[in-house]
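Every chain is numbered from 1, with letters handed out A, B, ... down the list of sequences. If you're wondering where the values come from, they're calculated on a predicted model, not measured in any experiment.
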Amino acid sequence: MNCNELMRHLNAYLDGELPALVRAEAKMHVAACRSCGIVVETCRSTIQVYRQQHPPLPDLLHRKVMDNVGRRLRPPAAQ
Amino acid sequence: MLQMSATPPLIIADQDWELVQAARRHDLGAFERLVRRYEARVYRLAIHITGNGPDAEDIVQETFLKAYTRLEQFQGQSQFYTWLARIAVNEALMRLRKRRGHKEVPLDEEVDSGEAVAPRSIKDWRPNPEQQYAESELNAILRRSIASLSLKYRAVFQLRDIDELSTEETAELLGISTPAVKSRLLRARLQLREKLSRYFAIRRQRHP
Ligand SMILES: [Zn+2]
């Protein structure tokens, strides 16, 4: 497998969706080719870091959400 | 007063299904548990797609309010979060369209430019790059980087890679084909890793 072919399979490789034989070829290329090795590793890290981070929830947001729903549950006119 | 809940369909997490059933009977506590469980994820989705904190807050409020009023429509054919994400994405797109006036957001543009997909700059990263920054700084970096992708890429990256929806779910939710999801995901991944390289790459030592 060469670099272009690796790029073509990159998504499936990262997602573990390649058939065994192609996966083995891809793995060999990634181990031997420094550029592709870096691309694979940094793509993995990119996904990882985004999955793990949550922007902090603004303080009052939860309260606002529940207030909205509470109002819908008991509209003032219907009391 | 125990009520028999309908059989939980397909794949939905049992606990979610029970909470949904209870919330349908106007058990606000049950709905609040669903909110607690998913509000951070909905907020993250909203902030990544709109790139804007105040909009994201509105979207979270609107999403849960709509979810509550439409609970009857949730049949458990998907995970509860996937159902919420659909509402949130639609809210986000509506806001983006409004903000940009009549300029249509080209999410359903199927054809990707034919240019070859190739990483341009290849730099290795420091180990544990996320530990090199304070939490708030890291959040700002991630937010800025994903917001600078075009909408069709960041929406796919958000749903597929961050929220871990399937290719099919993502395609259906965004109204695009599965090949389009795949090709956009590849571009999104490559572009994002390059953007993050600005912050995470090993800095080359300059020789005097
Ligand atoms: Zn290579």
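B/Asn139 places no side-chain N or O within 3.5 Å of a backbone atom of A/Pro56 that could act as its donor or acceptor partner. Checked by atom type and distance alone, the side chain of B/Arg44 pairs as donor or acceptor with a backbone atom of A/Tyr50 at under 3.5 Å.
Put simply, the side chain of A/Val39 reaches to within 4.5 Å of the side chain of B/Leu190, judged on heavy atoms. Looking only at side-chain heavy atoms (C-beta outward), B/Leu65 and A/Arg72 come within less than 4.5 Å of each other.
Both the backbone and the side chain of B/Leu185 have a heavy atom closer than 4.5 Å to some heavy atom of chain A. Residue A/Arg44: no heavy atom, backbone or side chain, is found under 4.5 Å from chain B. Neither the backbone nor the side chain of B/Thr63 comes within less than 4.5 Å of any heavy atom of chain A. Of the atoms belonging to B/Glu194, not a single heavy atom falls under 4.5 Å from chain A.
One finds the NE2 atom of A/His62 at 3.5 Å from the CZ atom of B/Arg36 (value rounded to the nearest 0.5 Å). For the atom pair CG of B/Asp124 and CD1 of A/Ile38, the computed distance is 4.0 Å after rounding to the nearest 0.5 Å. Atom CD1 of B/Ile141 is separated from atom CD of A/Gln53 by 10.0 Å, given to the nearest 0.5 angstrom. Note that the CG atom of A/Asp67 and the CD atom of B/Gln61 stand 9.0 Å from one another [nearest 0.5 Å]. Once rounded to the nearest 0.5 Å, the distance linking CG of B/Asn128 with OG of A/Ser45 reads 9.0 Å. Between B/Glu32 atom CD and A/Met66 atom CE the span is 4.0 Å, to the nearest 0.5 Å.
Residues A/Asp15 and B/Arg160 come closest through the heavy atom pair OD2-NH2, 3.4 Å. The two residues A/Leu57 and B/Ala40 make their nearest non-hydrogen contact at CD1-CA, 4.1 Å. For A/Pro55 against B/Ile47, the heavy-atom pair with the smallest separation is CG-CG2, 3.9 Å. Between B/Leu186 and A/Met7, the shortest heavy-atom distance links the atoms CD2-O, 3.9 Å.
Interface remark: of the candidates A/Leu61, A/Leu14, A/Val49, A/Leu10, A/Leu61 forms the most heavy-atom pairs closer than 4.5 Å to chain B. For the options A/Val65, A/Thr42, A/Ile47, heavy-atom pairs under 4.5 Å to chain B are most numerous at A/Thr42. Among the candidates B/Arg143, B/Lys195, B/Glu135, the residue making the largest number of heavy-atom pairs closer than 4.5 Å to chain A is B/Glu135. Contacts with chain A were tallied for B/Phe157, B/Phe200, B/Phe31; B/Phe157 has the most, counting heavy-atom pairs under 4.5 Å. Among B/Leu138, B/Ile146, B/Ile162, B/Leu142, the residue making the largest number of heavy-atom pairs under 4.5 Å with chain A is B/Leu142.
Residue A/Asn2 places its CG atom among more than 12 non-hydrogen atoms of other residues, nucleotides or ligands, all under 6.0 Å distant. Around CD of B/Glu130, the count of heavy atoms belonging to other residues, nucleotides or ligands within 6.0 Å exceeds 12.
Here A/His54 and B/Tyr43 keep their ring centres 6.0 angstrom or further from each other.
At a heavy-atom separation below 4.5 angstrom, chain B is approached by no residue within residues 23-30 of chain A.
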